[in-house]
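Computed from a predicted model, the values in this text were never measured in an experiment.
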Amino acid sequence: MGLLQTKNVTKRFGGLVAVKDVSLNVEEQQIFGLIGPNGAGKTTLLNSISGVYRPEEGKVFFSGQDITPLSADEICHRGIARTFQIVHSFPQMTVLENVMVGAIFGGRKDHENPKTVAKKMLDFVNFPLRHDSLAQDLNTIQLKQLELARALATECDLLLLDEVAAGLTPAELDELSNLIRRIRDSGVTIIMVEHLMKLIMGVCDRIAVLSFGEKIAEGTPQEITENEKVIEAYLGSKAKH
Amino acid sequence: MERKGLVYIRIAEFLKKIGMSPGGALMFVLLAVTPLLLQDEFWTRLLAISLMMGALAMSFDFTAGFININNFGLAAFWGLGGYTSAILAVKLGISPWIGIVVGALAAALLGFLVGILTLRLAGIFASCMTWFVALALMAVTTNWVELTEGSSGLSTPYLIDTVSNLPYFYLILILTIGIYIVLRLVTKSHIGIAFKAIGQDPQAAAASGINITKYKIFNMTLSCALAGLIGGFYAHYVGVLTPNVMHTKNTIEALAICYVGGRGSIWGSIISALILVPAMEFMKGMMELRLVLYGALLILVMLFYPAGLSGLCETFYKFISNKGLFGKMGLLKNVRGQGSSQSSK
Amino acid sequence: MLEVNNLETGYSYLQVLWNVSLKVEQSEVVALIGPNGAGKTTILRSIMGIVKPWKGSVKFLGQDITGRQTHELAKMGLAFVTEDRNLFSGMTVMENLLMGGFTIRSKEKFNKTLDYVLSLFPRLEERKKQYAATMSGGERQMLAIARALMLSPKLLILDEPSMGLSPQNVDIVFDAILKLKSENVTVMLVEQNVNRTLEIADRAYVLENGSIAMEGKGEDMLNDEHIKNMYLGVA
Amino acid sequence: MDPSQLLDVIFTGVLRGGLYALMAVGLSLVFGVMNIPNFAHGEFYMFGAYLAFFSYTVFHLGPIASIIVAVAGAFILGVIVEKGLFYTLRKRSKKQWIMNTFLLTLGISIIMQNGAKMAWGATYRGITAFWSGSLKIGSMNIANDRVVGFLIAVLAIVIFWLFLNKTRIGRAIRAVSLDETGSQLVGINLDWIHTLTFGLSCALAGLAGASLLSITPASPVMGIGPLYKSWFVCILVGMGNVGASIWGGFIVGLLETFSYMQFGAGWQDAISLTIIILILVFKPSGLFAKKGVKSVLE
Amino acid sequence: MKMMRNVIRNRGVTLILSVVLIASLLMMGGCGDKGKEADDNVIKIGVIGPFTGPAARVGEEFKGATQMAFEQVGYKVGDYKIELKWIDSESDAEKAARAYEQAIVKDKIDCGFLDWHSWVSVSCMEVAAKYKIPHFFAIGGTEIVNEKYESDPDKYFYWVGKGWPVPEKLSIAYVETLEEAIDKGAWKPRNKKVAIYGVDNDWGRGFATALGDQFEDAGWQVADKEWVALGETEFYPMLKKLKSLDVSVIAGTMSDPPSVSSFIKQSREIGINSLIITDGLGWVGEWYELTGDASNFVIDQIPQWTTPEAKKFSEDFKAKYGFEPGASSGGLCYDLARYMIKVLQTCNEKYDAIDREKLVKIAKEEVMTGKLTFDDGVITKKYQYTPETFPDLVVDKDHYIFPVIQYFDGKAKIIWPEEWKEQDLQIPDSMK
């Protein structure tokens, strides 16, 4: 039994079924990729895991415990941290304060000084600017680093990454894959939603593919690239006529 | 020379511990001696009222500037504190000193309830909820004549049996400093960070493990309790209480002071109260024109400097530090900032 | 017809586009493909004046339209179907179409355009009275295209028309584009569905990391290994 | 409450609701289209009343002409305010837009109230009646002015409703409230629509003030009551929902008359507010909040 | 170094600002006091009124009437020049007390004069007592002021007399008028049922409650009591209820013109078949423009511009300020201002000097005892206090009384008391 399991999770918005009957099993220390075309329900699934939404059906288990009914902050306390597709930061706080929020409130008690933790995490993600810059002055890439540092500062066991790579240059992508591996090596399990195949194929141990809210494939990167269904979902079927 | 510097730093450290800067402390000391120097009852009274409005604006800022809810019913909590204390004193003969504390507790209780009511709301909707509660409270106060004497007003006993304004001035000065220290300590602590996080991005706050419910309600409760405390002071200082104290225009006054002072700074509210309240007093001869100017000031602040006085000071400080001693740091930051966006190519 | 020269732009600090130049000729279907985050949508948004260009220029029908306001461009005959559709969800299908014809003053011309658009999408005729918010994804996409066509555009720009659609609906959308092509409407198309897109496109540009990486005829690109690799990330 | 009394209550509630609806529609429109929580709405009501008074008594225009002058004047003032202030702010920064504009409208309200006092003094400027005489309805004699005032309100709402739904410009206003980008893409000039919308909203407030001149004489602070009531309505039905604010007007009108009859005049605010608060507790986005129109959580 | 920087950074600017602030405060304070006491021969009178805020209309009348009174003596009493200081109460107890204190401390007023709201009176009484400043003839009339005075007469006698008695002293006139008419057979009511209404504020509640009690004492049955919100303009439900109760008299008070005029107009629309007493209909000059002929037969109690002096005052006022004064605000204020002048003159004659202490003495020895009265009022015959009535004026037919009047076509006809009577109580045809 893995660290995180979703069992038949279904989430609807009005008439639209965003996630349909999805079951996943993520093992400890895995980097688990979640891919699929735009609008396939990847982010909704992440939100259902992290407590932003409550799924209508199905359950989410973390370390064997049912976390489905918990609120976002409680889930964070259990050890699941996340980043957002559209970066969420606290614009009028300094970089350090932003990360400290994660360290103070997300972490389990009796840890070291939040400031130290925050600084450590900022260094860990190689944050390039002064720590007393305001978050509103950062560019998107720096914000993503900031958000990642904040998530890590919660001392999580599971990290949910939602499109961290969007807009990065190839050099930066390499750096990011290294970073993701380093995070994994520090003992954190990762689930990442990503469009950039290069990155996903490079770092993931296992990948699940969503299309129209349903899981259409799961396997190693190799298996996924060879899967006909996946190719069709991505490049589109050739015209039948 | 060395030692002198050391003493200064020690004092500064101590002040910092209680949430005050040397500048702020000096300001309070100056304020404390001003009435002694002036020996003028009117000035003492004016300063006392300015401090009171400043304290009220601070408790407004505590919600508006941090969890980003404009408590549009603040005057009602202020009035509730006053009325509770006054009614206890008039009907049951309880000492106003105790009454003020009870009044603060009553306001805190209502603040707690309003905190729960506004939990699912944000922005203007939360403001309207607090406003509606306040209007309802004002209507009850007006109509529950057996208890409150309705709009005829309630004659309240004085807190201190004296004809001088000086004791009241020092009382409100101590209250204001106390409130300032409490609010500064809270906002400088982890709790303050949680407030800011909730105000700036509730979703990220929740994802970082902040219990939004708990902090939002705590914020409302504390802010309302402080407003109630000041209300108690008001009731036993002025000597008569009518439901008009709960009128929205009083909230607007606190709100204007807070916004002109700059949201989220706490200290901006005191400074702007110390400027605005006396200024309004001296412009009294201008009749309506004074209020027109007041409105124009609000508009100008909102149009051209939404950050208010405190924002102005920050910019001023940054300007000085960029030009002067710390210029290099500032420059460095800019260069680095540009550098990294270049590198994304 | 449309000419983009050395365009550079981005959001606040983040530069997204680097020296992008492209051209669309009369009656052409031009596709713009590339992985997510490559800047395709940003190109379209800066053509439409939603994002202000930092450098470079955009010309439409020989006029410099760099930095013009969006609604003026719409009046000039540029129709843009966004990724989010931007439909008026609280209005009925008919009202959405009426809004599409906002710039048409003559009743006669309006009716003609409306008949034409409804003949393209007979499904919309049936759902005239339905609210846009209650429609399915495919129908919404159809409506978005139909609304854009109500402008009688000289150039129709489509951003990911097949996104989030079921295969049947994808067919409907592509059929519609084919039909437009056969009627000599100029189309600029951004799509994820690379195969289908390249099949119908006269020419295509491949965008990678904010600059144009390849340019060529649609069918030539169809079997290009590089594109496949780019999408599936097989190095 | 016996049936005839009930009928009276309903009747009065409806008469009163007409005014609330007229005010609330404008308030709601401005919030829906421009995201401005307008706290100066009552001052345009006041402005309309003054204009109607001066046209009627000083320039001896007929009732209808006076009301038209008031509506036009309020519209023009609205346009000036929008172009001068909100437009400027919009071009400068849209950060914290709702709260900043809210403060801006507070400033406008203070200026207009006191400006009116400076210009016209604190005296009440009213008239006995536009149309003297009364109309017998059932057991009641209702003054023509009230009937006409109510009819004007209903007519204005109907015309406005038709305008929003059946005309090109009206639809454009709705379109902007639904999707700004989408509206630009079909060729709608946002700046123009914003100015028009604000002007129209002010014109509606001015109409309300002018047509009720014989009931509420013009005075600088007369706008506060109707402003509060229209806010109750808008929050009750869901901010920005123009259609529902019409029903909301009547709901609040009836609610007030009922609590007035049952508990006495002083309690009407307390009772109706308590009910509104309770409704909001269970339906935070308002009674008729439409999904996807404007959300409570910004 | 770093710490030092932090320390400075920590709102270093606060320091600069606060120093500037305090310095400027000191300067302003210093300037304010200069040259204030130079001229001994100036008497400064602080006039409290709601000059801005919701009751600004009253404030304007106060200002105009007081100025007119003092102009007549050329702002001079004996060798003394008189200076008026306007103290804006803004209808707010705290702001008024602050402004009053400012006037006492900064402007060094020698005495105070007037005031409109009772709650303002209460908070200013305290200030007057504190500085031992005599304050003459405040119009804030309700019980709360009397209560405050009675709680410590030695302390609060500086609040020298109210210009308006507690409501019940006036309201009794209505009952007497009706009873007289019934006794004389001018009116045969179909029943002795009365409905009471009042605006929901200190004045309305006090007045209407007293009136109800007085009707009951005279053997009437009070069928209903209604409180009306300030500014209410919708009376159909209430009036329908009153109509169904079939009362022969509807009596009460409202103070704001929109409410009053709506109430009267709507009562005609509903077809109320009762005599209507509306205390306060004529309070503002333009009542007839608002109400029209719906006001026929309505009974009110208000001083009239009956005497030539009164008419002259009203006309002069209108010519000067552009609007018609209300008799009970502008007119009463005019009388009280002249009473005030008389107090000053008496003081000057008696002590050959006017200052604060001497005015207190005059107040105590002459005004409170009833020796110093004012007899040429345009509003009422004689203003006089006695130790028994203090802080109220003596209210009776020979002193301070408002005539009861009935309106016809915008004209008021006095129907009570007997001496001033212009005609008898008229009963509408439908009630005969």
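With a threshold of 4.5 angstrom between heavy atoms, Asn143(B) approaches chain D through its backbone and through its side chain. At a 4.5 Å heavy-atom cutoff, the contact between Leu291(B) and chain D is made by backbone and side-chain atoms alike. Interface residue Leu117(B): only side-chain heavy atoms are found under 4.5 Å from chain D. Contacts between Gln96(D) and chain B at a heavy-atom distance below 4.5 Å involve the side chain alone, from C-beta outward. Only the side chain of Ile276(D) has a heavy atom closer than 4.5 Å to any heavy atom of chain B. Proximity to chain D (any heavy atom under 4.5 Å) is shown, for Val133(B), by both the backbone and the side chain. Proximity to chain D involves both the backbone and the side chain of Leu289(B), based on heavy atoms less than 4.5 angstrom apart. Proximity to chain D involves both the backbone and the side chain of Phe132(B), based on heavy atoms less than 4.5 angstrom apart.
Between Phe72(B) and Phe102(D), the gap from one ring centroid to the other is short of 6.0 Å. With ring centers used as reference points, Phe39(D) lies under 6.0 Å from Trp131(B).
Residue-environment remark: CH2 (Trp97(D)) exceeds the threshold of 12 foreign heavy atoms within 6.0 Å. Other residues, nucleotides and ligands contribute more than 12 heavy atoms inside 6.0 Å of the CZ atom of Phe54(D). The environment of Trp144(B) atom CH2 is sparse: at most 12 non-hydrogen atoms of other residues, nucleotides or ligands sit within 6.0 angstrom.
Between chain B and the residues Asp269(D), Thr274(D), Ile235(D), Ile271(D), the largest count of heavy-atom pairs under 4.5 Å involves Ile235(D). Chosen from Ile110(D), Ile111(D), Thr101(D), Thr105(D), the residue pairing most often with chain B at heavy-atom distances under 4.5 Å is Ile111(D). Interface summary for chain D: among Thr142(B), Ile299(B), Leu298(B), the most heavy-atom pairs under 4.5 angstrom belong to Ile299(B). Heavy-atom pairs under 4.5 Å with chain B were tallied for Leu280(D), Val281(D), Ile277(D); the largest tally goes to Ile277(D). Across Cys128(B), Ala256(B), Pro306(B), Ala126(B), the residue that shares the most heavy-atom pairs under 4.5 angstrom with chain D is Cys128(B).
Side-chain contact check for Gln113(D) versus Glu288(B): every heavy-atom pair is 4.5 Å or farther apart.
Here the closest heavy-atom approach between residue Leu303(B) and residue Arg92(D) is recorded as O-NE, 3.1 Å.
Separation of atoms CE (Met302(B)) and CG (Leu103(D)) is listed at 4.5 Å; rounding is to 0.5 Å. In this structure, CG in Leu106(D) is found 9.5 Å from OH in Tyr259(B), a value given to the nearest 0.5 Å. Atom OG of residue Ser272(D) and atom CG of residue Leu135(B) lie 10.0 Å apart, to the nearest 0.5 angstrom. To the nearest 0.5 Å, atoms CE (Met239(D)) and CD1 (Ile124(B)) are separated by 7.5 Å.
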Apply side-chain contact (heavy atoms from CB on, under 4.5 Å) to Thr248(B) and Tyr228(D), showing your working.
CA-CA 11 Å; Thr248(B) 311; Tyr228(D) 282 16; 3.2 Å; yes
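Using non-hydrogen atoms only and a strict 4.5 Å limit, no part of residues 197-205 of chain B faces chain D.
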